[in-house]
Amino acid sequence: MFKFLLRRAALTLPTFFALMFVTFFAIRLVPGDPVEVRTGERGISPERLAQFRHELGLDRPIWQQFLDYVWNLLHGDFGTSIVTNERVLTEFFALFPATLELSFFAMVFAIGIGIPAGVIAALKRGSIFDQTLMGLSLTGFSMPIFWWGLLLIMLVSERLGLTPVSGRIDLIKYYFEPVTGFMLIDALLSDQKGAFWSALHHLVLPAIVLGTVPLATLARMTRSSMLEVLSEDYVRTARAKGLSPFRVIGLHALRNALIPVVTIVGLQVGSLMAGAVLTETIFSWPGVGKWLIESIGRRDYPALQGGILLISSIVILVNLTVDVLYGSINPRIRHGR
Amino acid sequence: MAADAAVAEVHAVPAPPGPLRAFWASFSENKGAVFGLVLLSIIVLVAIFAEFVAPYSPIEQFREFSKLPPFWVEGGTTKFWLGTDALGRDTLSRLIYGARISLFIGLAVMVVSIAIGVSLGLVAAFAGGVVDVVIMRVMDLIISVPGLVLAILIVAVLGPSLANTIVAVTIVFLPRYVRLVRASAMGEINKEYVTAARVAGVKGLRLMLRTVLPNCLAPLIVQAALGVSEAILEAAALGFLGLGAQPPIPEWGSMLADSREFIRSNPWIVTLPGLAILVTVISINLMGDGLRDALDPKLKRS
């Protein structure tokens, strides 16, 4: 098992290295000079410009800049934002909890509805419920989520006035120093009355928007996986033994049907990150996705570089974990590979 | 007379259905797929004949009629069926021309990624060794970056435009085609018919393209159909973020982005472009499901 883990982890190393290479050189190709952006439109003396370039290391040969970049990365230095002068790693992890909180609740929403709905649809195959669910799932699957977000804002926030339009909490009423970075927990810790509800209120709509595509995918996957399992011999045997339907479905069928579903959940992480970029932009949710888009506008190379590298690394690590977990919950896959 | 009888006898035996007919029989069993096909055909026709269908030019501004709702809503006029945007441009016309853009992006991404994907996939499968490892590692790298994030990076580097949107989305989708083709080619390569062809002296390109490729087509076609709809969504997302087609091109995603500020006052301007994206994507996905059921029985949805 340990050997398998090591081998699997070693396989991702070249990917990390290539990732550094690509992010570094891609960002250099971006049109627009970061120093000029930082100094603004105002005229600046050539000496001052040269000094800036020197400070940022932009006057050195490009391969040397790359080696420095890798060396710094290995020491946990992901660069310094040209705009805010803040370390990219610090900035990223200050914002990441917001994205994590959003993604977590999106997945809770998707799993909490998608899996039961998929199971029921499989059990009542061909029924109205099944057909409606499959229709809805196709719609969810095809949904441009940026539009879905705007639509929900129009209906739920504007028309019905049920939820706020943007942000993570009502900043006029509540203010407290972030402790964990997770707004719900921080709100509870702050002991301010109503803060938790305000945070929850802000979270609902974005989580639904981000969770819609995974929900549709999960419902569909669970349904077909469940249908496959229900026709297996061991399920028939369990039925024939006279086990209660609840035991047959809950213990025998569901456990096996969920194996491929777990993989799907894990593999959603990449698309969740992509979805987070859009969702955060729509709801002005202060997470890494919105920050990434803003970095492009500000031509903040190091932030963009570090951000993409960090997001991709997280996705690679999660996929690796899912792979290993999959091996351990599915006895059919042995680690001897 | 005997010949006639023989002919009659031949006709009496039902001819085995041709591949196209068998395909259609299987495809048309799925009512959703046929519905999707019909819907998509309409959208395609509208897009092709946009000049004749659209009442106005997509960039003509009727300043005195800005932000009108559709005609069935109070304040709307039949002069502009689906209303107008903030600059007084006819929404219906913009949507119609937008169909052209979205479908073009979807098709272009599909064609280019199939061409490159098939080449790389076949080369990886046939060459093996270092070539295979290098190609597949690069594909792994592309996959490891979340699709939209990678597309954003590429567009940030190349600059936002319609052409660069196509480049970015193609790169994002490439690995699927490469992996698919490589996997199916690897499955075929050791089969007897390929060995037979080899023994008969078939080599190189001919072996790849004429012998092996046709047997890898079914999953490829299915992937291609679903790839078009995903490409449209991805391109619209880029457009929405302001990184896709630039104004005044009537791209659906950027139309949505332009209209965001009117979400309170003029919900129609926001609603319609998104609806156009959704309907198009659904119709392609419905059709794709039918294609999969008909062409690739192994993947058949139960």
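Naming: A, B, ... by sequence-line order, numbering from 1 per chain. Values below: all heavy atoms of this structure, side chains included; hydrogens, waters and symmetry mates excluded. What you see is a predicted model; the values in this text were computed from it and never measured.
When all heavy atoms of A:L150 and B:I263 are compared, the pair lying nearest together is O-CD1, 3.7 Å. The two residues B:L233 and A:F146 make their nearest non-hydrogen contact at O-CE2, 4.3 Å. For the pair B:G274 and A:P144, the tightest heavy-atom approach, listed with the atom from each and the gap, is O-CG, 4.1 Å. Minimum heavy-atom separation, B:P146 to A:S312: CD-OG, 4.2 Å.
Within the 4.5 angstrom heavy-atom criterion, only side-chain atoms of A:V22, from C-beta onward, approach chain B. In this structure, chain A has heavy atoms under 4.5 Å from both the backbone and the side chain of B:S144. Residue B:I284 does not touch chain A at all, counting heavy-atom pairs closer than 4.5 Å.
Distance check, rounded to the nearest 0.5 Å: CE of A:M154 to CZ of B:F262 gives 13.5 Å. A distance of 8.5 Å separates CG of A:L278 from CG of B:L238, quoted to the nearest 0.5 Å. Here CG of A:L138 is found 6.5 Å from CG of B:D289. Values are rounded to the nearest 0.5 Å.
Of all the listed residues (B:I232, B:T280, B:T271, B:V138), the one sharing the greatest number of non-hydrogen pairs under 4.5 Å with chain A is B:T271. Contact count against chain B (heavy-atom pairs under 4.5 Å) is highest for A:I282 among A:N319, A:I311, A:I282. Across A:I153, A:T139, A:I145, A:L151, the residue that shares the most heavy-atom pairs under 4.5 angstrom with chain B is A:T139. The candidate with the highest count of non-hydrogen atom pairs below 4.5 Å against chain B, out of A:S142, A:A18, A:S271, is A:S142. Contact count against chain A (heavy-atom pairs under 4.5 Å) is highest for B:A236 among B:P273, B:A151, B:A236, B:A257.
By the 4.5 Å heavy-atom criterion applied to side chains, B:L153 and A:I296 are not counted as neighbours. Taking the side chain as every heavy atom from C-beta outward, B:V149 and A:V315 never approach each other to under 4.5 Å. The shortest distance between side-chain heavy atoms of B:L241 and A:I293 falls below 4.5 Å.
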Decide yes or no on side-chain contact (heavy atoms from CB on, under 4.5 Å) for A:T281 and B:R260, but give the supporting numbers first.
-> CA-CA 11 Å; A:T281 306; B:R260 262 185 80 183; 4.0 Å; yes

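The environment of CG in A:L13 is crowded: more than 12 heavy-atom neighbours from other residues, nucleotides or ligands sit within 6.0 Å. Within a 6.0 Å radius of CZ in A:F66, more than 12 heavy atoms belonging to other residues, nucleotides or ligands are found. In the displayed structure, A:F141 atom CZ is contacted under 6.0 Å by at most 12 heavy atoms of other residues, nucleotides or ligands.
Between the side chains of B:D140 and A:T15, no donor-acceptor pair of N or O atoms lies under 3.5 Å.
Side-chain atoms of A:W147 never come within 3.5 Å of backbone atoms of B:L256 as a donor-acceptor pair (strictly under, hydrogens ignored).
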